[in-house]
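All ligand and atom numbering here is 1-based and tracks the order in the structure. Along the sequence shown, residues carry numbers from 1. Any value given below was found using the heavy atoms of this structure, including those in side chains, with hydrogens, waters and symmetry copies removed.
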Amino acid sequence: MGFIIGNIIAAHTATTIGDADVPDDAQTLTGSAIGRNGPIDVEVVATPDRIYQIKVTNHTETEGIGSVAVEELPVTIYENQSLAVDSVSGATITSDGIKNAVIDALQSGGIDPAAFQNEVAAAAPVEKDEVELECDVVVVGAGGAGLTASVLATQQGQDVILLEKMPFVGGNSLRAEGGMNAADTKVEKELGLDDSTVENFVEDTMNLGHNIANRELVQTLAENSAEAVDWLYSIDAPLPTVVATGGTTHKYLHKPEDGSPVGEYLVEKLKVQVEKLGIDVKVNTTATEILMDNGQAVGVKANDNAHNYTIHAKSVVLTTGGFGANFDLMASYDPSLANAVTTNHSGATGDGIAMAQAVGADTVDMEQIQLHPTVIQEDGTLVSESVRSHGAIIVNTQGKRFVNDLAGRDVVSQAELKQPDGYCYIIFDQHLVDEVALTQKFIERGFAITGKTYEELAANMGLQGEAVQNFVNTMNTWNQSVASGVDAEWGRNNGMDDDLSHAPFYAIKIAPGIHHTMGGIKINSSAQVISTSGAVIPGLFAAGETTGGIHGGNRVGGNAVCDFIVFGRIAGQSASDFADAGGLEQAA
Ligand code: ADP
């Protein structure tokens, strides 16, 4: 039977995938399931033995990630007549949501979804074309650092190729919720925040990072942060709101005006520039090796489904992100992390570090792996600090608080690890749900336990015996602490504007999860990669989470974004200067 894909209706997000003609006995069915951000609704036209059409009629999945699954997965399900197809890489939760919505639709018409579980044959291996390309600057990895470096180098007149192994750009940067730390910015001056100086930013970053970071890199980060914010304004990405972030002595955290998550906001703004500048972005393309000539980086090897690329470039920039999804590598530094849950996207496997090491690069602080204290263990979803900043608290399975819930990530994570049962609960109330939109997502996805009273919530959390009364006492004490403004028990002094007295009440089971790998490729303040013998590797630059030395033993919330913008710009500029100076000829 012939079929036509996607030609029937193409109204905004709702494209029907499937056969143009459907038999009279096919039923039109609707179904729904929860994706990453909320419900995904589908319409399915099917008989018990064939799915004729699939249309995603409504969804709120993240543009550029979940939306890729929304476009691709109905096609694969339809083409294979199977729900046993692979999820779209990096968009597993959305993919599961789509499959479950189709199952829901089929079941609503009495059709057994088991009829659509055929094993999907692996695609036949294709003979790949060998392709040689040439450019001034090749950038490997299109997260925040790679997008920034590419835009900067292109603005300097370079011909850039940007490689990304996932089906979409953004990497872990897309997951940054809070903001970008920066000091001595125009925005801060306008707001009268005179203490947000470069010196204070450096000291806070050093102190909170256990004083093991490379001071020169931290100085570079802080000194260039104000100009980086100006540059963001110049590309239509203003960050006009400034607040405090966990543990810092002053306000450095610059946020988008509408309060939207900073990662999605900046990646979207950078993508607009990438498109405007016509940068050649190759997604689904994995770099595997740095090409060297006479001790100098002169390009990379990469491949996609159909091509083996040899890309010759005057400068190579590595912006491949961290290794928070590479459990073998993390466990080689800390065996207790082998089975930990991670907040990282699946592409965070440390490829750039391995590629750089293969050409003699040194690494620093590889064993410094940051845990985030409030991670939902089922799938690594992060409950960001903003939930605690708006008043949530953390209790253990005895119903008790055990730490200043808004201390640094390292302090709270370590305190949690010492609690019985290996997990805790973050507690909030209906008032907070009304204030903080992302908590509604957690409720929709079924992560929140609820109760109309503290006792009922405790029972639903499975607390037993005296833990129930402990929990009730904890809540009452906390509400009194909020009223008096003094947390006599644990010394918390922020996120205490509202108490937790508005029913119904909510608990989400959380534990520490891997969040950021602070170590990586050794660089200098010009983003040049340093070899194990301490020399600069000509032509090779690196920026962002793939590098080490900037965050020391504990990354401050808001410093990853500052890192990828500041060092992304520096890497783009240095790579551009090197290309201008002649690249290969320069070393000759
Ligand atoms: P940063 O914050 O440093 O920019 P991100 O995690 O946001 O880090 O981005 C790194 C990007 O690099 C991710 O999108 C990831 O998929 C991509 N990447 C990682 N390894 C490779 C590789 N071998 N080839 C191409 N892209 C890669």
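Annotation: ligand 1 has protein neighbours V140, G141, A142, G143, G144, A145, L163, E164, K165, M166, G170, G171, N172, S173, T285, T286, A287, T319, T320, G321, H345, G347, D351, M355, G544, E545, F564, each with a heavy atom less than 4.0 angstrom from the ligand.
For the side-chain contact (heavy atoms from CB on, under 4.5 Å) with T374, the lone residue among T343, I508, I510, T381 that qualifies is I510. Checking V566, V229, V198 one by one against N224, the side-chain contact (heavy atoms from CB on, under 4.5 Å) holds for a single residue, V566.
N308 and E130 share a side-chain donor-acceptor pair at under 3.5 Å.
Here ring pair (Phe, Tyr, Trp, His ring centres under 6.0 Å) pairs that include residues 296-321, with residues two or more places apart or in two chains, are H307-Y309. Identified under the ring pair (Phe, Tyr, Trp, His ring centres under 6.0 Å) test for residues 548-568, with sequence neighbours left out: H516-H551. Sorted by first and then second residue, the ring pair (Phe, Tyr, Trp, His ring centres under 6.0 Å) pairs with a member in residues 353-386 read H372-H515; sequence neighbours excluded.
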